[in-house]
Enquirer: 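A single structure is presented below for examination.
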Amino acid sequence: MALDIVALVLVLIGALLCVTAAIGLLRFRDVPSRLHAATKPQVLGLLLIALAVALSLRSWTVVASLVPVVLIQMATAPLSAHMIGRQAYRNGTIHEETLVVDELRDADR
């Protein structure tokens, strides 16, 4: 009974984080803010939901199928955010005056 309550709380927190990420994508105006909203809360939300599913079902086969999902998400979210941010910089959609450090200024665009 206690593990089911913990799983319920984890699902609710994970879903709240995923909804927060979606709202951030819609509300934020610039690319770096949208990338932050798309990666950090969404990955943590998925991790919490996967943990809740594992606690709720209490099966090693479920855990074995959830681990690759979480690992792939944790590997691809930062990579895709990096590629989107770099392309936005190349297109000029990032305001360069708002950057604190611009390591790509001298690099070949």
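For the numbers below, each heavy atom of this structure counts, side chains included, while hydrogens, waters and symmetry mates do not. For clarity, every value in this text was computed on a predicted model and none was experimentally measured.
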Enquirer: Could you tell me the separation between the CG atom of L35 and the CD1 atom of I94, rounded to the nearest 0.5 Å?
Expert: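 Separation between the atoms: 7.5 Å.
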
Enquirer: Look only at the side chain of S56 and the backbone of A52, and say whether a donor-acceptor pair between them is shorter than 3.5 Å.
Expert: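 It does not hold such a pair.
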
Enquirer: Answer with yes or no whether the hydrophobic clustering places I13 together with L44; edges join I, L, V, M, F, W, Y residues whose side-chain heavy atoms lie under 4.5 Å apart.
Expert: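 Linked within one cluster.
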
Enquirer: Indicate, with yes or no, if L51 and V70 share a hydrophobic cluster defined by side-chain heavy-atom contacts under 4.5 Å among Ile, Leu, Val, Met, Phe, Trp and Tyr.
Expert: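 Both belong to a single hydrophobic cluster.
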
Enquirer: Hydrophobic clusters here meaning ILVMFWY residues chained together by side-chain heavy-atom distances under 4.5 Å, can you tell me if V9 and L47 are in one?
Expert: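 V9 and L47: one cluster.
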
Enquirer: What distance separates L48 CG from C18 SG, expressed to the nearest 0.5 Å?
Expert: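 L48 CG to C18 SG: 8.5 Å, rounded to 0.5 Å.
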
Enquirer: For Q42 and L17, what are the C-alpha separation, side-chain angles and deciding distance, and is it a side chain to side chain contact (heavy atoms under 4.5 Å, CB included)?
Expert: CA-CA 6 Å; Q42 192 270 333; L17 283 169; over 6 Å; no

Enquirer: To the closest 0.5 Å, what do you measure between CG (L57) and CG (L3)?
Expert: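 Reported value, rounded in 0.5 Å steps: 12.0 Å.
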
Enquirer: So which heavy atom on A21 is nearest to which on P41, and how close?
Expert: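 In this case the closest contact between A21 and P41 is CB-CG, 4.1 Å.
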
Enquirer: Considering the options T61, L66, V67, which one meets the side chain to side chain contact (heavy atoms under 4.5 Å, CB included) requirement together with V63?
Expert: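 Checked T61, L66, V67 against V63; only one passes side chain to side chain contact (heavy atoms under 4.5 Å, CB included): V67.
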
Enquirer: Go through D4 and R58 one step at a time and tell me if the side chain to side chain contact (heavy atoms under 4.5 Å, CB included) criterion holds.
Expert: CA-CA 10 Å; D4 291 333; R58 298 178 190 98; 3.3 Å; yes

Enquirer: OG1 of T93 to CD of Q87: how many Å apart, nearest 0.5 Å?
Expert: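 Here the rounded value is 8.5 Å.
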
Enquirer: For residues F28 and S33, report the shortest heavy-atom separation together with the two atoms involved.
Expert: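 Heavy-atom minimum between the residues: CD1-O, 3.4 Å.
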
Enquirer: Hydrophobic clusters here meaning ILVMFWY residues chained together by side-chain heavy-atom distances under 4.5 Å, can you tell me if V62 and V69 are in one?
Expert: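 The answer is no; the residues belong to distinct hydrophobic clusters.
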
Enquirer: Could you tell me if the side chain of Y89 sits less than 4.5 Å from the side chain of D102, heavy atoms only?
Expert: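 Sidechains of Y89 and D102: in contact.
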
Enquirer: Shared ILVMFWY cluster between I49 and V43, side chains joined below 4.5 angstrom?
Expert: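 In one cluster with I49: V43, no.
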
Enquirer: Mind checking the CD-OG1 spacing from Q73 to T39? Nearest 0.5 Å is all I need.
Expert: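 Between atom CD of Q73 and atom OG1 of T39 there are 10.0 Å.
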
